[in-house]
**Q** 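Following this message is one structure expressed as structure tokens.
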Amino acid sequence: QRKLDKIFKRVSRAQSKWSGLRDKITQVSKLRARLDERRQSVEAALEALQSLDGKSGKCPSCGQKVDAKHLVSESALQEESLARVVQEAADLEQKEEALEASSAHIQERCRKLERVQSRVRGKLDDAKSAYAELVQKTKYARHELYTKQTEAEKGATQKNPFAVLLKQAE
């Protein structure tokens, strides 16, 4: 029973850890989606800036009137922002892959522990059944012994009528 309890605790801890990893993977996936939206937004702003090249108009980022100098500096800022977003997305992708690998490892460990737990539970059930059978056999053997002793005592008194008197005298 102790071994089964110990295995059960290990299974529970592994399942809890796996669940925590699944939550982290979900969070990372959401972050990646937000980063993808940011990347698309930055790319759109950069494209809008590039479409203004040599033309007059308003900056899509800050709304001020565009001149060549502003166009160059704003384009550089957007390109830096895009590079950061792309790097963050790559970092998150690596983190997500590592979490997925850990999750798969823990999930496999859970399956193995559950199989061991099942085998131990089966052996424990077998042992309980064998114990119950032994208890029944012991009760039956005691009953048989009592019956034989009683019969032997009756037989002894029938053969020797003075045996009853001797037994009472004791």
Side-chain angles (χ1 to χ4, degrees), residues 1-140:
Q1 183 68 36
R2 285 187 211 152
K3 187 174 181 180
L4 185 62
D5 290 341
K6 187 177 177 181
I7 291 170
F8 180 76
K9 286 178 185 177
R10 289 175 66 190
V11 168
S12 294
R13 280 194 308 263
Q15 288 172 334
S16 176
K17 197 172 188 179
W18 181 75
S19 178
L21 281 175
R22 295 303 318 157
D23 292 343
K24 286 180 182 180
I25 290 169
T26 301
Q27 290 171 353
V28 168
S29 294
K30 288 178 182 177
L31 283 173
R32 283 186 62 205
R34 280 190 243 138
L35 276 175
D36 192 45
E37 289 172 7
R38 270 184 49 204
R39 180 189 53 77
Q40 290 173 359
S41 174
V42 170
E43 285 174 345
L46 192 55
E47 192 175 301
L49 281 172
Q50 290 169 347
S51 71
L52 291 175
D53 194 22
K55 301 175 188 171
S56 62
K58 288 186 177 180
C59 175
S61 298
C62 65
Q64 74 182 35
K65 192 171 183 167
V66 175
D67 60 10
K69 184 178 179 184
H70 182 79
L71 191 61
V72 168
S73 68
E74 194 62 35
S75 291
L77 285 173
Q78 292 297 332
E79 286 176 1
E80 284 177 29
S81 181
L82 181 60
R84 279 194 308 274
V85 168
V86 167
Q87 183 58 50
E88 285 178 38
D91 292 346
L92 279 176
E93 186 174 348
Q94 286 179 340
K95 185 175 184 179
E96 187 176 29
E97 288 171 0
L99 288 171
E100 287 285 353
S102 292
S103 175
H105 173 73
I106 289 173
Q107 192 174 19
E108 179 58 29
R109 186 172 177 211
C110 282
R111 279 192 223 108
K112 286 180 181 178
L113 286 171
E114 287 167 351
R115 285 191 299 266
V116 168
Q117 183 181 21
S118 178
R119 284 194 308 267
V120 169
R121 187 174 279 136
K123 287 182 180 183
L124 181 62
D125 290 345
D126 292 346
K128 285 179 180 178
S129 294
Y131 176 75
E133 188 178 332
L134 284 173
V135 167
Q136 287 297 344
K137 286 180 179 181
T138 302
K139 286 179 182 178
Y140 179 76

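Along the sequence shown, the residues carry numbers beginning at 1.
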**Q** Could you tell me whether Arg111 and Glu108 have a side-chain N and a carboxylate O separated by less than 4.0 Å?
**A** yes
**Q** Take Lys123 and Lys128 through the side-chain contact (heavy atoms from CB on, under 4.5 Å) test and state the conclusion after the steps.
**A** CA-CA 9 Å; Lys123 287 182 180 183; Lys128 285 179 180 178; over 6 Å; no
**Q** Let me have the donor-acceptor pairs involving side chains of residues 36-46, under 3.5 Å, with sequence neighbours excluded, atom names and distances please.
**A**
from, atom 1, to, atom 2, distance (Å)
Asp36, OD1, Arg39, NE, 3.1
Asp36, OD1, Arg39, NH2, 2.4
Asp36, OD2, Gln40, NE2, 3.4
Arg39, NH1, Glu43, OE1, 2.8
Arg39, NH1, Glu43, OE2, 3.1

**Q** Starting at OG of Ser29, measure out to CZ of Arg34 and round the result to the nearest 0.5 Å.
**A** 11.0 Å
**Q** Using every non-hydrogen atom in the two residues, find where Ala14 and Ile106 come nearest and quote the distance to one decimal.
**A** O-CG2, 3.3 Å
**Q** For the CZ atom of Arg13 and the OG atom of Ser16, what is their distance to the nearest 0.5 Å?
**A** 10.0 Å
**Q** Leu99 and side-chain contact (heavy atoms from CB on, under 4.5 Å): which partner among Asp23, Val28, Thr26?
**A** Val28
**Q** Step by step, would you call Arg22 with Glu100 a salt bridge (Lys or Arg N to Asp or Glu O under 4.0 Å)?
**A** CA-CA 8 Å; Arg22 295 303 318 157; Glu100 287 285 353; 3.4 Å; yes
**Q** Measure the OG1-CD distance between Thr138 and Glu133 for me, rounded to the nearest 0.5 Å.
**A** 10.5 Å
**Q** Spell out, as yes or no, whether a donor-acceptor pair under 3.5 Å connects the side chain of Ser51 to the backbone of Ala48.
**A** yes
**Q** To the nearest 0.5 angstrom, please state how far the OG atom of Ser103 sits from the NZ atom of Lys17.
**A** 11.5 Å
**Q** Going from CD on Gln78 to CD on Glu47, what distance comes out if it is rounded to the nearest 0.5 angstrom?
**A** 12.0 Å
**Q** Does a side-chain heavy-atom distance below 4.5 Å link Leu31 with Gln27?
**A** no
**Q** Quick one: are Glu74 and Leu77 in side-chain contact, heavy atoms under 4.5 Å?
**A** yes
**Q** Give, for atom NZ of Lys65 and atom NZ of Lys58, the distance between the pair rounded to the nearest 0.5 Å.
**A** 10.0 Å
